[in-house]
Amino acid sequence: MTPILQVKGITKRYGGLTAVNEVSFDVAEGEILSVIGPNGAGKSTLFKLISSFVTPTSGEVLFKGDRISGLAPHQVARKGVVRTFQETTIFRSMTVRENVIVAHHLRSRASLLGFFLGTSLARQDEAEFGASADGIIDFLGMGAIRDELASNLPQGHLRALGMAIGLATNPRILLLDEPFAGMNHDETMRMVGLVRRLRDERGVTVLLVEHDMPAVMKISDRIVVINFGQKIAEGTPAEIQSNEKVIEAYLGSEDAAIGM
Amino acid sequence: MEQILANGLYLGAQYALIALGLTLIFSLMNVLNFAHGQMYVMGGFVTYTVVAQFGLPFIVGLLASAVVLAVIGAVCERFLFRTVIKRSKREESTMLLAAGIAFFLDAVILLVFGEKQRGVPKIVDGVFNWDMRLIMPYDRILIGALAIAMVVGFILFMQYSRTGRAMRALAQDRMAAQLMGVDVDRYSMIGFALGAMLAGIVGGLLVTITGINLGMGGPTSVKAFLMIMIGGAGVISGAIAGGFILGMMESIGLTLLAAYGDVTYLAIFATLLVFLAIRPQGLMGKPWG
Amino acid sequence: ENATLKIGFVGVTSGPAAAWGISNQRSMETRAAWLNELGGVQIGDTTYNIEIVAFDDQKDPKRAIAGMEKMAQDGIHYVVGPNVDDGAAAVRPVAEQNGIMYFPYAFPKELYTAPASNAILGMVANYQSGPAIYKHLMETKGVKKVAFVAANESDPLSQRDSGVEAAKALGLEVVSDSVTYQVDTTDFTPVLLPVIQSAPDLLVLSGVSPANAPQLIRSARELGYTGLISTETAQDAQVLQEGAGELANGFISVGGASTPELASDAMKEFVERYTAMFGEYNDESNTKVYALEYIIETLKANPAAIDNVEEFKKTMDTFEAANPFMVGDAKLTYVGTSSFGQKRQVSVPLVVNEFQNGAFQTLFVAKVD
Amino acid sequence: MTTPKIPNSVPTSFGNSAASRPGSLGPARLAGVAAFLALVFVAVPLGIAASGRWDFYYTLTSVALLSIASAGVWLTFYIGRINIGQGAYALAGGYVSAVLITQVGMSFWLTLPLAGLACAGLAVLIGLPILRLRGVYFAMVTLVLTEVARLSALALPVTNGAKGITSIPLPGELSVLGLTIIPDFATLEDPKLAFYLVAVALMCLSYLALWRIVNSRLGHLCRSLQQNEELAASIGVNTAHLRVLAYAISSFFGGVAGAMFVSISQSIYPSSFQVADSVNFMLNCFLGGLGYVFGPMLGTLLLYFGWDLLFTTGQYQMLIYSSAMIVLMLVLPNGLLSLFDRKGGGK
Amino acid sequence: MGQMLNFDNVELFYDHVYALKGVSIDLNEGETVALIGANGAGKSSILRAITGLRKIKSGRIDFMGERLDGTAPADIVRKGIAMVPEGRRVFPFMSVKDNLLMGAFTRSDKADIARTLDSILTRFPRLKERYNQQAGTLSGGEQQMMVIGRALMAKPRLLLLDEPSLGIAPKLVQDIARAIVAISRDEKVSVLLVEQNSRMALSISNRAYALSTGSVVLSGESKALMNDDRIKAAYLGGEV
Ligand SMILES: Nc1ncnc2c1ncn2[C@@H]1O[C@H](COP(=O)(O)OP(=O)(O)OP(=O)(O)O)[C@@H](O)[C@H]1O
Ligand SMILES: Nc1ncnc2c1ncn2[C@@H]1O[C@H](COP(=O)(O)OP(=O)(O)OP(=O)(O)O)[C@@H](O)[C@H]1O
Ligand SMILES: [Mg+2]
Ligand SMILES: [Mg+2]
């Protein structure tokens with residue numbers, strides 16, 4: 001089976017700083033893969049490279065064997081590689097439902113002119129988007145806040161909304177940047193369940209960046225560890241937890257923190 | 001060649017001073033002050049009144065312009081901009097306010113100072129003439145030097161004084177400045193007053209050379225916008241660079257393109273569009289969102 | 001109680017170009033107040049008080065149309081203004097549809113040439129004064145080479161073009177005519193440098209505004225230019241004095257239609273009354289007082305014209321009345337036949353002045369036909 | 001199947017009337033539209049005939065046309081760009097129409113859409129580089145654009161330079177298949193009413209289009225762009241394309257308004273639309289309220305009429321006008337229509 | 001050890017967000033107190049309320065026996081409270097030197113300021129090396145040192161730190177933790193520490209409060225909390 005996504009020797013430099021340095025890994029279809037590493041290690045940059053928000057200095061990303069590096073972000077999104085943002089990025093002055101509906105853009109069959117004129121195809125589209133949005137909102141358990149203005153939402157719901165926006169684009173691969181941040185333990189565990197269901201029921205491949213180790217260990221099929229832009233380890237959660245390099249660079253040894 | 005450079009330098013000095021005030025206000029409050037040109041005109045008229053009507057020395061006129069405009073600036077900030085910024089949903093609302101103030105100042109200037117062109121007598125006579133290669137009247141040299149001195153003074157003030165430091169901090173991070181104990185309201189007001197004052201001082205300086213009239217406001221604002229676009233909005237060094245670059249472009253363009261008629265400004269605008277397409281944030285600016 | 005005769009004014013009285021319209025409006029108001037004080041004017045069997053209805057068009061042709069509509073609405077048939085080419089052209093349809101005669105201070109010939117017939121030029125056009133001045137200077141000062149500079153705006157540019165044409169027709173050599181400047185220029189040295197280098201005997205500042213004139217003169221002199229400088233528009237002596245001082249000596253411009261030698265007692269009284277009402281006199285009002293006078297006198301000559309401009313037009317061809325503002329037996333008549341093919345211009349004397357030490361001195365006086 | 005309901009806490013449409021669904025024509029909205037149409041097409045002419053205030057025709061015609069141009073500016077606000085350059089397109093549209101009529105001999109009615117299209121094309125060319133700019137940078141560049149338009153009109157040969165184009169004939173007859181839809185204006189007793197009717201008809205069409213845009217997917221996408229361009233891109237929106245599209249539509253409105261004005265004044269000069277006009281278009285939008293489709297219409301009405309009404313205050317006109325503007329800004333910084341928010345929004 | 005800060009039943013809103021739902025905490029002189037809790041729990045809001053950046057809806061805040069709420073932020077700094085805000089908030093286009101001098105904005109005695117500056121540069125030698133560099137170009141760790149130094153320039157009696165470990169590599173986190181301990185010991189400054197890194201926070205503080213969605217859910221001696229099962233589960237991420 002060929003991997004759905006291949007990252008091949010990708011590098012990104014900003015001036016003198018190498019944010020991502022020769023990173024390579026594959027992602028299999030239907031896999032949940034976490035990328036971890038210290039702050040500033042280059043994880044978000046890596047996601048931006050995969051979703052083509054930034055162009056790599058060298059190296060490339062292949063989606064189903066086709067090169068997607070260098071395409072415009074909306075083209076990559078169109079192919080099914082969709083990213084949510086680390087910062088809670090949503091359309092602030094739209095309601096939850098509007099947010100999700102607008103995110104259905106990629107699925108429109110009618111043209112913009114069609115929508116303008118209100119052709120039957122356009123109306124059909126709108127109706128479908130509405131229904132699908134409601135489905136997604138219910139799936140993520142946000143039914144009660146459907147018509148709330150996004151700027152009024154608490155942190156936790158913002159994350160969920162970010163994910164809903166991502167889902168609305170009908171992605172093949174969803175890139176989640178710190179989806180659990182801002183959630184308490186219970187919420188996190190519920191979210192973990194959701195992501196799992198997403199994969200199981202909708203067949204979405206998930207890449208995520210997360211600092212919440214219990215969650216990462218619980219959810220991931222595999223983990224890639226980045227430090228100073230470089231991949232320093234790759235493996236199952238169990239392998240990573242016992243990897244000396246990772247403990248030293250990221251997880252930290254327990255008494256080092258307390259020993260003062 | 002020498003002449004072109006000298007002309008550019010002289011123009012640049014006064015432009016830089018105009019742009020400084022505009023960029024200061026912009027950096028502190030994110031307000032694009034449409035009334036900047038009108039403030040400049042106001043400054044010119046105040047100096048005119050003090051010098052030509054009351055017969056007082058030029059320097060007194062200049063001081064009066066500075067004070068009057070500082071007060072106007074402070075009042076605008078305290079009673080108008082502050083309120084609107086607090087209450088409006090979109091930052092751009094301040095543009096409407098600034099435009100309203102521009103109209104208002106235009107009306108006040110018309111009522112108070114009349115519609116005529118005014119000027120004060122030359123402060124120094126004579127022309128510096130280097131072999132016909134470089135011709136520059138002494139009063140222009142003096143005004144140019146004064147303008148450069150003020151630009152330098154302003155930079156030193158912003159760099160080394162407590163107030164200057166506070167304003168720079170305010171411009172870079174309002175919240176952090178507040179945490180340092182900077183009274184942001186007070187310093188916003190001071191900054192606005194200072195920006196208006198700079199406009200007034202340029203008006204006062206130039207009234208000895210170009211005279212002043214009601215119509216100079218709008219075009220001055222547009223030129224000042226040009227300069228801060230070239231240099232980067234909200235950046236002091238950018239404003240200075242923008243001022244001098246525009247001055248040079250004008251000087252060079254007018255000399256080289258004279259034969260082709262009315263195209264100097266078209267050429268400048270076209271260059272600017274191309275430049276901004278390549279470098280949207282200007283020479284030294286930060287990208288703006 | 002007298003009836004009221006409303007005369008309109010549509011022009012710019014606010015914003016940057018306020019100066020142009022304000023002198024119009026004020027001279028009309030001064031004259032109207034004066035006439036009313038004298039008991040009004042008798043037209044036909046009725047005695048009227050004059051009321052001036054003024055509309056500020058902000059120098060915007062779209063607003064000028066609104067102003068003209070407003071005049072039509074008020075039943076006004078005689079309007080002074082607008083002050084600029086675009087406004088004057090824009091109000092033409094309204095004026096013609098509503099039977100309004102208007103007196104623009106704008107030069108485009110189409111406004112006054114048939115089929116247009118409702119506009120009457122309120123002053124001497126530059127293509128009339130220009131040749132007179134050039135000719136005078138050719139004869140008295142031996143001028144051979146002439147250079148033109150103009151602001152990069154409609155009115156000055158078209159004045160430059162007709163000036164160049166006139167100069168060429170007189171056999172002058174035009175050494176520079178492509179240099180223009182932005183009205184907001186603060187340093188004219190770079191602008192004038194190439195002009196001066198073309199070494200003209202006469203430098204013409206086409207359609208120069210009072211604001212720019214002193215600076216241009218100053219820059220030219222400071223660049224070492226020693227030739228003649230002239231313009232075909234009116235200037236303000238005080239502005240020249242403040243802005244250029246003695247460097248402006250010898251500067252030739254078209255004066256208000258009255259110099260000390262020409263001014264009658266009525267003109268002197270007008271100046272006094274104007275100054276009393278508005279604080280400061282404006283030399284341009286010497287010219288601008290005429291439009292109202294022409295309207296009233298023509299109506300007196302043919303009372304039927306009071307609400308019928310066709311009657312007014314008929315009267316124009318033969319109209320003649322005493323000119324109260326000039327000494328001697330000067331007359332108010334309509335002229336313009338040679339420029340427009342029909343009488344669509346008020347006859348004001350063409351006074352060419354020379355600036356000397358803070359005041360204008362008459363160089364020569366001519367008449368336009 | 002239900003059409004999506006956009007709750008009324010989001011001000012996208014006039015008045016936010018509680019029961020209305022912007023995507024469709026509910027009975028309340030239909031009644032409102034009918035009332036509005038009756039007002040502008042029937043009540044106004046009747047009122048003018050009754051009162052004899054014929055001058056209002058031109059005033060209202062101006063308001064209608066200026067509000068079309070303002071609607072364009074509003075649309076650029078809707079994608080998060082401050083546009084102070086609409087005067088440039090109004091001027092360009094005016095010139096396109098004037099040149100086509102006087103030099104090609106084309107019918108005015110044909111030049112009207114052509115002027116709009118030419119401006120849209122121009123907007124694409126200019127928009128491609130400058131729409132990358134944001135915030136005040138875009139605002140300042142567009143301000144300069146107005147000046148560029150004026151200087152170009154002075155410099156280009158086809159525009160007849162400083163002398164302008166004058167004596168442009170009135171709009172001729174518009175007939176389809178031999179059926180006269182609009183009579184030759186020159187044959188009309190007084191074309192004022194005709195101009196008024198054409199102008200308000202254009203205005204209604206423009207606002208209908210704008211309203212459809214805002215309430216269709218295009219509008220939602222524009223809003224997404226306004227709020228977060230990066231996120232919009234990540235959900236597959238071609239942001240560059242959309243920006244240029246919105247800007248082109250906006251300029252189309254400007255061009256049409258400009259062309260229409262030319263036919264009224266029968267002349268055009270480089271100074272026919274200037275920086276002051278561009279600023280006014282922007283102010284109209286602010287004043288009416290940026291969150292409301294009909295904001296620019298109301299803003300134009302108020303600003304334009306405001307000036308006219310103050311015409312009796314003589315030399316204080318400007319002072320009073322600008323003071324009123326400042327006070328309005330202090331009291332209602334989010335536009336006039338934000339008044340409706342408090343009553344109708346109900347949060 | 002007298003009571004320094006008393007935060008009594010405080011409620012705070014952002015538009016419609018109910019961020020603090022009646023929170024009470026206190027802090028004694030010389031003490032280091034930690035606030036831990038998930039993102040959005042309201043930790044930063046507590047600091048914003050203390051520094052006056054955000055008005056409180058109800059409740060009261062006292063500092064050294066004087067009422068604090070309602071006072072302007074600038075005056076609060078003068079009373080001796082300095083804060084290192086979330087996300088560091090350096091003045092990016094100012095030099096390290098000017099950034100530090102900004103910290104002493106409320107002080108006027110030049111000689112005294114110079115002394116403080118010296119002691120800070122001695123404590124953070126890295127800053128001395130970067131003295132004239134633009135702050136925006138410093139590395140994250142350096143920036144964090146600098147903003148702590150900047151806060152100390154005000155000679156505060158109470159230092160508020162909002163997530164000083166954010167964006168900092170684990171090794172540097174240790175340095176910063178050590179610096180905090182040293183500062184509170186040497187300068188006799190009380191510290192209110194907000195941290196995501198609960199393990200670090202608990203290890204260097206005397207007492208701690210755990211917050212969840214705007215309310216205090218647990219409080220006590222840090223050592224005790226460290227071994228509390230609930231804390232372990234919710235904040236320490238179990239056994240890693
Ligand atoms: N546009 C940019 N220009 C310059 N440097 C950048 C840019 N974007 C990121 N960097 C730098 O690249 C490095 C990696 O940043 P990145 O955001 O990918 O880190 P991260 O691993 O996601 O960290 P975190 O866990 O804090 O989110 C950092 O040093 C950052 O400062
Ligand atoms: N400016 C604001 N406008 C609206 N809501 C806000 C604002 N700032 C904070 N909030 C909300 O208030 C609540 C508490 O925020 P606060 O910043 O105090 O949390 P925190 O515990 O510091 O979280 P973090 O760990 O993310 O810093 C959150 O729900 C947050 O979304
Ligand atoms: Mg990241
Ligand atoms: Mg926080």
Side-chain angles (χ1 to χ4, degrees), chain B residues 26 30-32 34 79-80 83-108 110-111 218-219 221-222 224-226 228-229 232-234 260-266 268-270 272-274 276-278 280-282 285 287-289, chain D residues 77 80 82 84 126 128-141 143-148 150-152 154-155 161-162 228-229 274-276 279-280 282-283 285-287 289-291 299 315-335 338:
Chain B
F26 179 75
N30 223 351
V31 166
L32 190 57
F34 272 80
F79 295 104
L80 304 177
T83 320
V84 169
I85 290 173
K86 271 202 190 107
R87 300 190 48 194
S88 75
K89 284 191 201 133
R90 293 181 65 153
E91 252 177 9
E92 302 99 311
S93 302
T94 56
M95 278 193 166
L96 174 60
L97 180 62
I101 292 174
F103 290 148
F104 181 80
L105 287 180
D106 257 342
V108 169
L110 180 61
L111 288 173
S221 295
V222 173
F225 292 165
L226 273 184
I228 68 171
M229 266 193 289
Y260 306 101
D262 333 319
V263 293
T264 301
Y265 258 83
L266 263 184
I268 291 180
F269 290 149
L272 182 78
L273 281 187
V274 173
L276 284 178
I278 300 165
Q281 71 275 32
W288 223 268
Chain D
F77 271 115
I82 309 163
I84 327 182
I126 295 174
L128 280 175
I130 70 169
L131 280 164
R132 294 178 51 214
L133 304 178
R134 296 188 191 185
V136 290
Y137 282 95
F138 185 80
M140 290 189 286
V141 163
L143 189 69
V144 169
L145 212 55
T146 320
E147 197 54 15
V148 170
R150 186 181 72 85
L151 291 174
S152 306
L154 277 171
N228 195 327
E229 289 195 11
Q274 12 190 352
V275 172
V279 172
N280 278 333
M282 175 193 75
L283 296 186
C285 295
F286 272 128
L287 197 70
L290 295 176
Q315 58 173 328
Y316 300 106
Q317 189 174 7
M318 193 66 178
L319 193 72
I320 298 173
Y321 178 77
S322 54
S323 307
M325 211 158 107
I326 291 172
V327 170
L328 240 158
M329 201 57 220
L330 287 177
V331 181
L332 289 173
N334 297 312
S338 63

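Below, chain A is the first sequence line, B the second, and so on; all start at residue 1.
Taking every heavy atom of both residues into account, B/Pro280 and D/Arg132 meet most closely at CG-NH2, 3.8 Å. In plain terms, the two heavy atoms of B/Arg87 and D/Val331 that are nearest each other are NH2-O, 2.9 Å. Taking all atoms of both residues into account, the shortest heavy-atom contact from D/Ser323 to B/Phe104 is OG-CE1, 3.3 Å. When all heavy atoms are compared, the tightest approach of B/Ala233 to D/Val136 is CB-CG2, 4.5 Å. Closest approach of B/Leu266 to D/Ser152, counting heavy atoms only: CD2-OG, 3.7 Å. When all heavy atoms of D/Glu147 and B/Phe269 are compared, the closest pair comes out as CG-CE1, 3.7 Å.
Taking the side chain as every heavy atom from C-beta outward, D/Met325 and B/Phe103 approach each other to under 4.5 Å. In this structure, D/Ile84 and B/Phe225 have side chains that are not in contact, with every pair of non-hydrogen atoms separated by 4.5 Å or more. Looking only at side-chain heavy atoms (C-beta outward), D/Leu145 and B/Leu273 come within less than 4.5 Å of each other.
Using a 4.5 Å cut-off between heavy atoms, B/Leu276 contacts chain D through both its backbone and its side chain. Contact annotation for D/Leu330: both backbone and side-chain heavy atoms come within less than 4.5 Å of a heavy atom of chain B. For B/Phe79, the part lying under 4.5 angstrom from a heavy atom of chain D is the backbone only. In this structure, no portion of B/Leu105 lies under 4.5 Å from any heavy atom of chain D. Proximity to chain B (any heavy atom under 4.5 Å) is restricted, for D/Ala139, to the side chain, taken from C-beta onward. For B/Ser93, the parts lying under 4.5 angstrom from a heavy atom of chain D are both the backbone and the side chain. Within the 4.5 angstrom heavy-atom criterion, only side-chain atoms of D/Leu143, from C-beta onward, approach chain B. Residue contact with chain B, scored on non-hydrogen atoms closer than 4.5 Å, involves the backbone and the side chain of D/Phe77 alike.
With chain D as the partner, the residue from B/Leu96, B/Leu111, B/Leu226 showing the most heavy-atom pairs under 4.5 Å is B/Leu96. Of the residues considered (D/Leu128, D/Leu287, D/Val141), D/Val141 shows the highest number of contacts with chain B, using heavy-atom pairs under 4.5 Å. Among B/Ile278, B/Val222, B/Thr94, B/Leu32, the residue making the largest number of heavy-atom pairs under 4.5 Å with chain D is B/Leu32. Options D/Val279, D/Ile130, D/Leu290 differ in how many heavy-atom pairs under 4.5 Å they form with chain B, and the most are formed by D/Leu290. Between chain D and the options B/Thr83, B/Leu80, B/Leu110, the largest number of non-hydrogen pairs under 4.5 Å is found for B/Leu80.
Taken from CG in D/Leu328 to CG in B/Leu97, the straight-line distance is 11.5 Å, to the nearest 0.5 Å.
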